[in-house]
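The block underneath contains the structure these notes are about, expressed in structure tokens.
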Amino acid sequence: MIDYETLKVIWWLFIGVLLIGFAITDGFDLGVAALLPLLGRSDEERRVIVNTVGPVWEGNQVWLVTAGGAIFAAWPLVYATAFSGFYGAMLLTLFALFLRPAGIVYRSKRDDPRWRSAWDWGLFVSGVVPAVVFGVAFGNLLRGVPFHFDPATMGVVYTGSLWQLLNPFGLVAGMVSLAMLTMQGATYLQIRTDDALERRARTAAVWSAVAFIVVFALAGLWVSLGVPGYRITAMPPASSAFAPIAKTVEASQGTWLANFASHPWMMLAPIVAFAAALGVIAFARLDRAVAAFIASSVVNAGVILTAGLAMFPFVMPSSTDPRSSLTVWDAVSSHRTLAIMFWVVVVMLPLVLAYTAWVYRVLRGKVTVAYIRETTHTSY
């Protein structure tokens, strides 16, 4: 059996992979929804946009559901604490996401411009709100979340509110997420559409990449100069099971950069993110849509890895009681649980990836206005 300490790190990697998979696949769904009323100039063009994601959005959202399930199983304390700390934000995201399946299914049920326009803006909300909230959540993880464990009961005590999450740095992180996912949606639309829609998607990809570079650089500068990081100063052996408050943690300026200073190879994550964003601009303008989409996907991976590597081993730092911060070492399930789930992932993940690749191969090709006109009984 793999030793406990190694399994803890492996599950940190697994959850990172799930988050990256979600950002790449469901991320372009969110980006397409955010761009729907902005790029579609007619009802037929908007139907084209909806039909690019209509057959695949449910499969893409499985990445989010699986990530949530993996956090519940591997990091139960993180799951419980996050639902306390981010409850309002999660409800906001959930209600926004409700609009996506309803909008996709019901938008074209009535031939009424007002009906369809209302659903178009509903889909816009279903793309923008989750994208921003996900970024705000990551921004607040970097700042620290106002919670602590009661030493007597080990119950979670949360002292914040939804409005406290909407702080300036959290909102900047939200803009990073929105620009990143809009770019993902725009490059996907560049692949799946043609003519005027393809040209508008290309323009959107370029400008969202520019916006990403600006806000990602601003967020990085803010982290280095104005966001205190966290550092473990003492804890039980990483290979043991221990309560979060058994360790000691200190917060100080610039600590989130310590991992990059100690392991310079980690700098590849933000460097690759910036380089890939420049690649999106170049490839989109050269009409190399697939290359632009791949570059955008690399941006997503680079951003998530940058945040994860900066915070490691922290998963959910506490701003009110640093020793209550949840880390890779103390927020996990038992050794046996992690081991069993590890082998389940080893067997199932390749099957999921193979099936997903097959689905996209079957559904490849462009969605056109002509197709919408010819298949009104089957298209969205």
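Here the shortest heavy-atom pairing between W115 and R110 reads CE3-NH1, 3.5 Å. Residues A219 and V172 share a closest heavy-atom pair of CB-CG1, 4.0 Å. Scanning all heavy atoms of the two residues, the minimum distance from A205 to V280 falls at O-CG1, 4.0 Å. Pairing each heavy atom of R143 with each of Y230, the nearest pair is O-OH, 3.5 Å. Summarising the geometry of T337 relative to A73, their closest heavy-atom pair is CG2-O, 4.1 Å, with the distance given to 0.1 Å. When all heavy atoms of L165 and A89 are compared, the pair lying nearest together is CD1-CB, 4.1 Å.
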Apply the test side-chain contact (heavy atoms from CB on, under 4.5 Å) to residues E198 and T193: give CA-CA distance (whole Å), side-chain angles for both, the deciding distance (0.1 Å), then the verdict.
CA-CA 5 Å; E198 183 182 5; T193 60; 3.9 Å; yes

Salt bridge (Lys or Arg N to Asp or Glu O under 4.0 Å), that's the test. Do K366 and D194 meet it? Break it down for me.
CA-CA 7 Å; K366 292 185 178 292; D194 65 355; over 6 Å; no

Give the C-alpha distance, both sets of side-chain angles, the deciding distance and a yes or no for side-chain contact (heavy atoms from CB on, under 4.5 Å) between L91 and F95.
CA-CA 6 Å; L91 278 181; F95 284 121; 4.2 Å; yes

Would V223 and F169 satisfy side-chain contact (heavy atoms from CB on, under 4.5 Å), going step by step from the backbone distance to the final call?
CA-CA 9 Å; V223 168; F169 178 74; 3.5 Å; yes

Mind running side-chain contact (heavy atoms from CB on, under 4.5 Å) on F72 and F83 for me, showing each step along the way?
CA-CA 11 Å; F72 171 78; F83 267 84; over 6 Å; no

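When each of V17, I24, L18 is paired with I20, the side-chain contact (heavy atoms from CB on, under 4.5 Å) condition holds for I24 and for no other.
A donor-acceptor contact under 3.5 angstrom links the side chains of T6 and D3, judged on distance only.
Enclosure of atom CH2 in W222 by more than 12 non-hydrogen atoms of other residues, nucleotides or ligands within 6.0 angstrom is indicated. Heavy atoms from other residues, nucleotides or ligands lying under 6.0 Å from OH of Y106 number 12 at most. Heavy atoms from other residues, nucleotides or ligands lying under 6.0 Å from CZ of R116 number more than 12. Remark: D112 CG is packed, more than 12 non-hydrogen atoms of other residues, nucleotides or ligands lying under 6.0 Å away.
Looking only at distances, no side-chain donor or acceptor of Q184 sits under 3.5 Å from a matching main-chain atom of N300. Put simply, the side chain of T182 never gets that close to the backbone of A179: no donor and acceptor are under 3.5 Å apart. With T306 contributing its side chain and G302 its backbone, the two residues share a donor-acceptor pair below 3.5 Å. Remark: side-chain polar atoms of R192 are paired, donor with acceptor, to backbone N or O of G365 under 3.5 angstrom. A donor-acceptor pair under 3.5 Å is absent between the side-chain atoms of N51 and the main chain of V48, judged by distance alone. Of the possible donor and acceptor atoms, one in the side chain of Q253 sits under 3.5 Å from a partner among the backbone N and O of L225. No donor-acceptor pair under 3.5 Å is formed between the side chain of S239 and the backbone N or O of E5. Although no hydrogens or angles enter the test, the distance criterion places no donor-acceptor pair under 3.5 Å between the side chain of T93 and the main chain of P130. Under the 3.5 Å distance criterion, the side-chain polar atoms of K247 are matched with a main-chain donor or acceptor of P244. Remark: side-chain polar atoms of S324 are paired, donor with acceptor, to backbone N or O of F149 under 3.5 angstrom.
Note that the CG atom of L197 and the CZ atom of R41 stand 9.0 Å from one another [nearest 0.5 Å]. Separation of atoms CH2 (W75) and OG (S333) is listed at 11.0 Å; rounding is to 0.5 Å. Separating the CG atom in L338 from the NZ atom in K8 is a distance of 8.5 Å, to the nearest 0.5 Å. Note that OG of S126 and CZ of F98 are 12.5 Å apart. Values are rounded to the nearest 0.5 Å. For the atom pair CG (L181) and CG (D26), the distance works out to 9.0 Å, reported to the nearest 0.5 Å. Rounding to the nearest 0.5 angstrom, the gap separating the CZ atom in F293 from the CE atom in M183 is 11.0 Å.
Hydrophobic clustering (ILVMFWY, side-chain heavy atoms < 4.5 Å, transitive): V78 and V9 are in one cluster. Hydrophobic clustering of Ile, Leu, Val, Met, Phe, Trp and Tyr side chains at less than 4.5 Å, counting indirect connections, unites L13 with V315. There is a path of hydrophobic side-chain contacts, each under 4.5 Å, that joins M311 to V227. Note on V53 and Y360: same hydrophobic cluster, where clusters join Ile, Leu, Val, Met, Phe, Trp and Tyr whose side-chain heavy atoms are under 4.5 Å apart, directly or indirectly. By the rule that hydrophobic residues join a cluster once side-chain heavy atoms approach within less than 4.5 Å of another member, I2 and W12 end up as members of one cluster.
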Side-chain donor/acceptor pairs under 3.5 Å, residues 348-355, sequence neighbours excluded:
none

In residues 259-273, what donor-acceptor pairs under 3.5 Å come from side-chain atoms, sequence neighbours left out?
{"unit_1": "N259", "atom_1": "ND2", "unit_2": "L309", "atom_2": "O", "d": "2.8"}
{"unit_1": "N259", "atom_1": "ND2", "unit_2": "F312", "atom_2": "O", "d": "2.8"}
{"unit_1": "S262", "atom_1": "OG", "unit_2": "A258", "atom_2": "O", "d": "3.1"}

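Taking 4.5 Å as the limit, every side-chain heavy atom of L39 sits out of range of all side-chain heavy atoms of T203. Contact check for L166 versus L171: side-chain heavy atoms found under the 4.5 Å cut-off. A heavy-atom distance below 4.5 Å is not found between the side chains of L35 and I49. Between F86 and V133, every side-chain heavy-atom pair lies at or beyond the 4.5 Å cut-off. Within the 4.5 Å cutoff, side-chain heavy atoms of L97 are placed close to those of L30. For the pair V214 and L218, the minimum side-chain heavy-atom distance is 4.5 Å or more. When side chains are defined from C-beta on, W11 does not count as touching V332, because their heavy atoms never get closer than 4.5 Å. Side-chain contact between I281 and I213: present, with at least one pair of heavy atoms (C-beta onward) separated by less than 4.5 Å.
Under the ring pair (Phe, Tyr, Trp, His ring centres under 6.0 Å) criterion, W57 pairs with no residue at all, not counting sequence neighbours.
Relative ring orientation between Y188 and F28 is described as parallel, the plane-to-plane angle staying below 30° on a 0-90° scale split at 30° and 60°. In this structure, F274 and F212 have tilted ring planes: the angle between them lies in the 30° to 60° band.
Ring-centre distance between F134 and F138: not below the 6.0 Å cut-off.
Using a cut-off of 4.0 Å between Lys/Arg side-chain N and Asp/Glu carboxylate O, D43 and R107 are scored as salt-bridged.
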